[in-house]
Amino acid sequence: MATSRLQNTISSYFKKYICLSILLIFNYSWADNIEQIIKNSKYVLGSNQSYYKPNSPQGNIVNIAYDSTKIDKVFFNAISNSYLFERLASKPKGTRYIATQFWLDPLNGHGNGDAMYIGVNPPNLNYQGQVHFSYFGDSTGAVILNTNCAFGADGGSGITCATEFKAKEGYKYELTAKIEETTTNTTTLSGHVFELDPSNNIINSTEIGRFKILKGARGITYPTSWIEGSSDSCDELVYTRIEYSPLWFNENRDNIAKFSTIESNKCGVYVNRINDNSTTIFYGNKKSVFIQNVNNGKVADIYAGNISNGTKLTQYTKKDFNSFNQLFDINYKGISYNGWPIVTIAVANNTDYAVGAGTGHSLLIQKKSDSNYQKWAIDEAKNSKYRIMNIGDSYLMMDVRDASDCNSDGLDLILTYGNVECGGGHISDYMPLWSFIDFQS
């Protein structure tokens with residue numbers, strides 16, 4: 001793992017944020033090809049958005065470099081950057097490590113330095129997440145100054161510092177690697193992580209590690225960033241979106257190096273240029289959609305954001321950001337007896353849960369299973385407007401509970417025979433119709 005990291009040499013420049021939108025379309029006449037329609041949703045690209053085709057199938061998910069005029073042949077005492085996880089699944093399959101790598105070079109300018117990195121391991125199947133701060137070099141005579149640290153790095157010489165730390169969607173993580181002290185013979189380093197809530201308040205500050213190496217006086221040079229993947233295929237790579245800051249140096253946020261370019265990536269990556277201080281990178285299998293009621297424009301919403309077995313599904317005004325309780329993944333399962341596509345509707349932010357039929361024709365979030373109550377037949381009624389029918393509950397249709405005001409937020413979604421006025425789609429009074437609309441990135 002260390003070898004591929006040390007071979008990363010990369011670059012990219014970003015300016016403005018432009019939205020990505022996808023319109024996911026089901027078409028009755030395309031029933032035989034709907035699996036590909038779902039998988040290959042069409043992207044409408046903004047003029048300042050960049051797409052980088054895959055060019056390194058055995059490499060990292062993405063490699064990032066920074067403005068060389070700011071970092072070439074310059075020594076720094078500290079290096080920092082931040083990651084805001086705008087979309088991070090509870091188990092982001094395929095994303096192993098989001099990190100910044102740099103060199104610890106002798107101050108005499110003769111080179112022959114050692115590699116280091118600092119970064120975030122998001123939650124996966126084996127643990128709830130970690131942060132790492134590691135040194136790849138000769139650790140002879142080194143002194144460990146934090147119990148999070150141990151000798152050895154990726155199976156070789158060095159020092160690895162790590163602590164449990166669960167990265168969360170909507171939260172920002174600032175990381176700083178710092179040279180605390182140098183002498184003629186030694187360099188002492190520390191790594192820290194700061195967690196900021198959605199209001200940008202620091203809610204946690206943790207020293208990842210601290211150690212002293214017996215390699216003379218050294219400085220930080222030549223930083224790059226990368227996202228390490230796994231052996232999972234690109235088709236299995238879960239959609240992830242991360243807002244990056246530029247690097248800043250010596251704990252001075254005005255002393256920055258902006259993105260330069262993305263030189264290589266494994267599966268294809270999109271880049272939105274927000275401004276000089278912020279760039280969004282996103283990648284993975286993007287098929288999350290809003291399920292929107294044609295009649296009133298409201299969308300399916302998980303009540304109170306409680307993703308757990310038995311939570312009811314309601315309708316609510318569509319949100320364009322932080323709308324993670326309104327996003328669902330449409331997964332093709334086959335063709336039903338009458339030719340309609342059969343799908344499951346998984347919770348995009350936690351694919352262990354899906355939309356299913358409950359008692360009394362209720363619509364609930366349920367632990368995923370192979371039950372027919374979690375399978376849906378999709379029938380196009382008119383112009384990309386669809387009936388969504390439950391296989392297990394007598395082909396009753398997804399609808400909205402009747403009320404005096406069908407435009408109210410919070411009304412329950414239920415299954416009906418199509419005779420509830422709130423679900424009317426202007427084709428007839430008894431046909432509840434829905435559209436599938438992609439999340440605006």
Worksheet item: Where do Tyr83 and Tyr173 land on the ring pair (Phe, Tyr, Trp, His ring centres under 6.0 Å) test, with the steps shown first?
Response: CA-CA 5 Å; Tyr83 316 119; Tyr173 299 88; 8.5 Å; no
Worksheet entry | Presence of salt bridge, Lys215 and Asp138, under 4.0 angstrom | no
Worksheet entry | Ion pair Lys178/Glu251, N-O distance below 4.0 Å | yes
Fill in: Residues Arg218 and Asp105 bridged, charged N to O under 4.0 Å
no
Discussion item. So, taking the atom named CZ in Phe136 and the one named CG in Leu104, what distance separates them when rounded to the nearest 0.5 Å?
Written reply: 13.0 Å
Practice prompt. Go through the side-chain N and O atoms of Asp301 and Gln326 and say whether any donor and acceptor fall under 3.5 Å apart.
Written response: yes
Fill in: Tyr117 ring center within less than 6.0 Å of His132 ring center
no
Worksheet item: What are the two closest heavy atoms between Pro246 and Ile256, and how far apart are they?
Response: CG-CD1, 4.1 Å
Worksheet item: Does Lys368 come within less than 4.0 Å of Asp352, counting only side-chain N to carboxylate O?
Response: no
Worksheet item: So, Gln366 and Gln374: side-chain donor and acceptor under 3.5 Å apart, yes or no?
Response: yes
Discussion item. For Ser56 and Ser264, which I'm curious about, is there any donor-acceptor pair between the side chains at under 3.5 Å?
Written reply: no
Practice prompt. Report yes or no: do Glu236 and Ser233 form a side-chain donor-acceptor pair below 3.5 Å?
Written response: yes
Worksheet item: Regarding Glu180 and Ser190, is there a side-chain donor-to-acceptor distance under 3.5 Å anywhere?
Response: yes
Discussion item. Between Thr311 and Tyr353, is there a side-chain donor-acceptor contact under 3.5 Å, judged purely by atom types and distance?
Written reply: no
Worksheet item: Just checking, any donor-acceptor pair under 3.5 angstrom between side chains of Ser230 and Asp232?
Response: yes
Worksheet item: Do Gln292 and Trp434 have a side chain donor and acceptor closer than 3.5 Å?
Response: no
Worksheet item: Taking all non-hydrogen atoms of both residues, which atom of Lys367 and which atom of Asn309 are closest, and how far apart?
Response: N-OD1, 2.7 Å
Item to complete: Could you pull out the closest heavy-atom pair between Tyr373 and Gly392, with the gap in Å?
Response: CE2-O, 3.2 Å
Discussion item. With no hydrogens and no angle check, just 3.5 Å: does a side-chain donor-acceptor pair link Glu174 and Asn81?
Written reply: no
Worksheet item: Among side-chain atoms of Thr314 and Asp412, is any donor-acceptor pair under 3.5 angstrom?
Response: no
Discussion item. Under a 3.5 Å cutoff, is there a donor and acceptor pairing between the side chains of Ser362 and Lys312?
Written reply: no
Item to complete: List the steps and the verdict of side-chain contact (heavy atoms from CB on, under 4.5 Å) for Asn255 and Asn250.
Response: CA-CA 8 Å; Asn255 182 10; Asn250 302 335; 4.2 Å; yes
Worksheet item: So do the side chains of Tyr171 and Leu84 get within less than 4.5 Å of each other, counting heavy atoms only?
Response: no
Practice prompt. Could you tell me whether Lys375 and Asp370 have a side-chain N and a carboxylate O separated by less than 4.0 Å?
Written response: yes
Discussion item. Aromatic contact between Phe328 and Phe290, with the criterion being ring centroids under 6.0 Å apart: yes or no?
Written reply: no
Worksheet item: Using a distance-only test with no angle check, is there a side-chain donor-acceptor pair under 3.5 angstrom linking Ser225 and Thr100?
Response: yes
Worksheet item: Thinking salt bridges, do Lys172 and Asp197 make one under a 4.0 Å N-O criterion?
Response: no
Discussion item. Counting C-beta onward and ignoring hydrogens, is there a side-chain heavy-atom pair between Tyr244 and Ile281 closer than 4.5 Å?
Written reply: yes
Worksheet entry | Working for side chain to side chain donor-acceptor pair (under 3.5 Å), residues Tyr283 and Asn265 | CA-CA 10 Å; Tyr283 56 86; Asn265 71 91; over 6 Å; no
Practice prompt. Output yes when a side-chain donor or acceptor of Asp399 lies under 3.5 Å from a complementary backbone atom of Ile414, and no otherwise.
Written response: no
Worksheet item: Taking the side chain as C-beta and beyond, is there a heavy-atom pair between Ile220 and Trp103 under 4.5 Å?
Response: no
Discussion item. Ignoring hydrogens and geometry beyond distance, is a side-chain donor-acceptor pair present between Ser278 and Glu243 at under 3.5 Å?
Written reply: yes
